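One structure coming up, written as structure tokens, with questions to follow.
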Amino acid sequence: MAPAPSSSLATAGHGKTKSGRSSSSAVRPALLAIAVSVMVVLLMAVLFGARWTPSGGHGGGADTSWVSARARVVLNAVSSQQGADPVVKVAQPHDRLLGGLLSPDFNDTSCLSRYRASLYRRRSLHVLSSHLVSALRRYESLHRLCGPGTSAYERAVARLRSPSSSNTTSDAPSECRYLVWTPHAGLGNRMLSITSAFLYALLTGRVLLFHRSGDDMKDLFCEPFPGATWVLPEDFPIRGMERFGIRTRESLGNALGRGEGGRDPPPPWMYVHLRHDYTRPGASDRLFFCDDGQDALRRVGWVVLLSDNYFVPGLFLIPRYERELSRMFPRRDAVFHHLGRYLFHPSNTVWGMVMRYHGSYLAKAEERVGVQVRTFSWAPISTDELYGQIVSCAQGENILPRVRESSSGSDNATAIPGSRRQQQQRPARRKAVLVVSLHGEYYERIRDMYYEHGAVGGDAVSVFQPTHLGGQRSEERMHNQKALAEMMLLSFSDVALTSAASTFGYVSHGLAGLRPWVLMVPVRKKAPNPPCRLAATVEPCFHTPPHYDCQARTKGDNGKTVRHVRHCEDLKDGVQLVD
């Protein structure tokens, strides 16, 4: 069952007697509660040690530099219980815990990127809810209790192997329940779908486990949960999960189609199919986003999920999760930004790639511009046409400076080194342009444009591209490591220009917390007019929503179902979260 939202504690006020005088007896409980809270915080500081976090005292707020990292987590958790609405805040600059989003219970050297990646990004101004912080700390405790290697996990696997010998225990509220995520498609799709799976696990009280069917995802991410692993052990009894599909007998859609949604006792496991083909005619998998589907899954101990979608907006369509989601995310347009920064910390191997490239090419720039280029077979466009679209957008929206008409327009080459004339002609601004694409043509043309002509206004524009692999090879570990390194480098950008419908781009600008300029889909193989638009939200697009009306049990438009879910600008059939 989904964990009940934290109960609200009424704040003790100034009570009145019948004669209208203030009652001191009504104040005593409040003073006692405050005293106990202070004692708890001090005790936590002593017990857990003083690992100090930045004070943020220069920001105008109260100086809390005396609070240890672990004690601050306790304070944040307690604050979400005080009153009906969660506390929201913006993390202070250089706060290694991102306002409480990250747990302090990790060794720094085991994952260098965890507490350092944010130092290379623009400061996030997206508010963080104390209720989300509390939910993450509760989940971490659950994962430590139920994760691989624990007695609870061994009991759950034993029930899975021999369901007939324990057909009633799986409904016991104290038993652990699990969500097994299986990789599919490219790295961008995988990161978006696992984020969606984690949010579903938060909402339903399940433990998320990461199924690695090969070595393509090894040495890619650090463990996200302290004191436990999220990697599914190789001896897990359900085999061949990566080959599951819409016809798998144990799928939710097929079970509902057979009228077995309310089966008693429930099956030991079920499969949820949310790949791009889950909405095809005759399939019932879209009922996952309806009460029928959630009721069928509620008492199942193990749920296996395969998806290539960012289906978070679909969870906002399910009424039973509406209140909890609104408390976790008072602003709906930062779900991936928060959860992505919580989950995805590149391994030390990948972080080494990121730091070496950043230090060599990007660190000295005063402004970093990320340009991510992706083409799709369903939206054909020539290289010349797409290059023109990129330049038209970048220069038209002042992302990149225009170039001089003549290649001989610079006088810097003839100025005497160190002279006053040369000092006056020094570049107004150093811009580093990071181009990320499977192909090298766009990088080469942009680089040559500024090399041959120079920038109007005197800006020094340097253009770089880490790799141009020629094609996507998501089954190879090194390919995925390089892809993740490039996502991280793009997330350090001050301005982002991305291709429409690219999950790679969604991840990059989502981690950065930036609204990107989006290169719109070509029209009849030609660049559209305007060539790009500033995205309405940081949130990724759910490419294949169910488009189903659960009440009417017929087709519907999920872009018009609830207030915060609207159609995507870059893919008309998709939906995304807005605020």
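Residue numbers start at 1 and run along the sequence shown. Just so we're clear, the structure is a prediction, and the values are computed from it rather than from any experiment.
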Keeping to residues at least two apart or across chains, list the ring-ring contact (aromatic ring centres under 6.0 Å, His included) pairs with something in residues 250-270.
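Applying ring-ring contact (aromatic ring centres under 6.0 Å, His included) to every pair that reaches into residues 250-270, excluding sequence neighbours, yields Phe244-Trp269.
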Between Met487 and Leu187, is there a side-chain heavy-atom distance shorter than 4.5 Å?
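A side-chain contact under 4.5 Å exists here.
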With side-chain contact (heavy atoms from CB on, under 4.5 Å) as the criterion, how do Asp108 and Tyr115 come out once you've worked through the C-alpha distance, each side chain's angles and the decisive distance to 0.1 Å?
CA-CA 7 Å; Asp108 289 8; Tyr115 300 126; 3.4 Å; yes
Disulfide bond (SG atoms under 2.5 Å apart): pairs with one or both residues in residues 305-335, sequence neighbours excluded
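As it turns out, there is no disulfide bond (SG atoms under 2.5 Å apart) pair with a partner in residues 305-335 once direct neighbours are skipped.
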Distance flag, aromatic centroids of His338 and Tyr342, threshold under 6.0 Å
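Tyr342 vs His338: aromatic centres not under 6.0 Å.
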For Phe289 and Phe311, take the angle between the two ring planes, folded into 0 to 90°, and tell me which bin it lands in: parallel under 30, tilted 30 to 60, perpendicular over 60.
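Judged by the thresholds at 30° and 60°, the geometry between Phe289 and Phe311 is perpendicular.
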I'd like to check the ring pair (Phe, Tyr, Trp, His ring centres under 6.0 Å) partners of Tyr506; sequence neighbours left out, ordered by chain and number.
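His543.
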Do the side-chain N and O atoms of Gln372 and Ser508 include a donor-acceptor pair separated by under 3.5 angstrom?
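No, no side-chain donor-acceptor pair sits under 3.5 Å.
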Just grab all the disulfide bond (SG atoms under 2.5 Å apart) pairs involving residues 202-268, residues at least two apart or on different chains.
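Counting only pairs at least two positions apart or across chains, the disulfide bond (SG atoms under 2.5 Å apart) contacts touching residues 202-268 are Cys111-Cys222.
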Heavy-atom closest pair, residues Phe542 and Cys568:
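Looking at all heavy atoms of both residues, the shortest contact is N-SG, 4.3 Å.
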Just by distance, no angles: are the side chains of Ser307 and Asn309 close enough, under 3.5 Å, to form a donor-acceptor pair?
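Asn309 and Ser307 do not have a side-chain donor-acceptor pair below 3.5 Å.
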All pairs passing salt bridge (charged side-chain N to carboxylate O under 4.0 Å, His left out) where residues 287-297 contributes a residue, at least two apart:
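Listed once each, the pairs are Asp291-Arg320, Asp292-Arg553, Asp295-Arg320.
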Where is the tightest heavy-atom contact between Leu315 and Phe288, given as atom of each residue plus distance?
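Looking at all heavy atoms of both residues, the shortest contact is CD2-CE2, 4.2 Å.
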Under the rule for side-chain hydrogen bond (donor to acceptor under 3.5 Å, both in side chains), what residues qualify as partners of His564, not counting sequence neighbours?
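Partners of His564 by the side-chain hydrogen bond (donor to acceptor under 3.5 Å, both in side chains) criterion come out as none, since no residue qualifies.
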Indicate the ring-plane relationship of Tyr321 and Tyr200, choosing parallel, tilted or perpendicular according to the 30° and 60° boundaries.
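Rings of Tyr321 and Tyr200: perpendicular, over 60°.
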Charged N to carboxylate O under 4.0 angstrom, Asp264 versus Arg299?
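Counted as a salt bridge, because a side-chain N and a carboxylate O are separated by less than 4.0 Å.
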Specify the closest pair of heavy atoms between His126 and Gly513, including all atoms of both residues, with the distance to one decimal.
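Looking at all heavy atoms of both residues, the shortest contact is NE2-O, 3.0 Å.
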Quick test of your reading of the model: are Arg137 and Glu140 salt-bridged, counting only N-O distances below 4.0 Å?
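Here Arg137 pairs with Glu140 in a salt bridge, since their nearest N and O are under 4.0 Å apart.
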If we count only N and O atoms by modelled type, under 3.5 Å, do the side chains of Gln472 and His479 hold a donor and an acceptor together?
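Gln472 vs His479: no donor-acceptor pair found between side chains.
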Those residues that, when tested against Ser251, pass side-chain hydrogen bond (donor to acceptor under 3.5 Å, both in side chains) (two or more places apart):
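Scan of Ser251 (side-chain hydrogen bond (donor to acceptor under 3.5 Å, both in side chains), adjacent residues dropped) gives Asn254.
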If every non-hydrogen atom of Val335 is compared with every non-hydrogen atom of Leu199, which pair is closest and at what distance?
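Heavy atoms of Val335 and Leu199 come nearest at CG1-CD2, 4.2 Å.
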For residues Met241 and Val180, report the shortest heavy-atom separation together with the two atoms involved.
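Nearest heavy atoms, Met241 then Val180: SD-CG1, 4.0 Å.
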Flag the pair Glu175 and Arg159 as a salt bridge only when some basic side-chain nitrogen lies within less than 4.0 angstrom of an acidic carboxylate oxygen.
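Salt bridge present between Glu175 and Arg159.
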Determine whether Tyr357 and Leu489 make a side-chain contact, defined as any pair of heavy atoms from C-beta on separated by less than 4.5 Å.
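Yes. Closest side-chain heavy atoms under 4.5 Å.
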Is the ring pair His184/His276 parallel, tilted or perpendicular, if the boundaries are 30 and 60 degrees?
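Parallel.
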Using 30° and 60° as the class limits, which term best fits the ring planes of Phe236 and Trp302: parallel, tilted or perpendicular?
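Geometry flag for Trp302 against Phe236: tilted rings.
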Listed by chain and number, what are the ring pair (Phe, Tyr, Trp, His ring centres under 6.0 Å) partners of His273, not counting sequence neighbours?
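Tyr271.
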Apply ring pair (Phe, Tyr, Trp, His ring centres under 6.0 Å) to the pair Tyr139 and Phe198, showing each step before the final yes or no.
CA-CA 10 Å; Tyr139 175 83; Phe198 178 62; 5.2 Å; yes
Which residues pass the ring pair (Phe, Tyr, Trp, His ring centres under 6.0 Å) test with His211, not counting sequence neighbours?
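Result, ring pair (Phe, Tyr, Trp, His ring centres under 6.0 Å) vs His211: none returned.
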Can you list every pair that meets salt bridge (charged side-chain N to carboxylate O under 4.0 Å, His left out) and has a residue in residues 215-229, with sequence neighbours left out?
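Every pair satisfying salt bridge (charged side-chain N to carboxylate O under 4.0 Å, His left out) with a residue in residues 215-229: Arg190-Asp216, Asp215-Arg477.
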Grab the two heavy atoms, one from Val88 and one from Ser129, that are nearest each other, plus how far apart they are.
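In this case the closest contact between Val88 and Ser129 is CG1-CA, 4.1 Å.
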Qualifying residues under side-chain hydrogen bond (donor to acceptor under 3.5 Å, both in side chains), relative to Glu476, sequence neighbours excluded:
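By the side-chain hydrogen bond (donor to acceptor under 3.5 Å, both in side chains) rule, Glu476 matches Arg473.
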Could you work out, with ring pair (Phe, Tyr, Trp, His ring centres under 6.0 Å) as the rule, every residue matching His358, not counting sequence neighbours?
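Per chain and number, His358 pairs via ring pair (Phe, Tyr, Trp, His ring centres under 6.0 Å) with Tyr120, Phe492.
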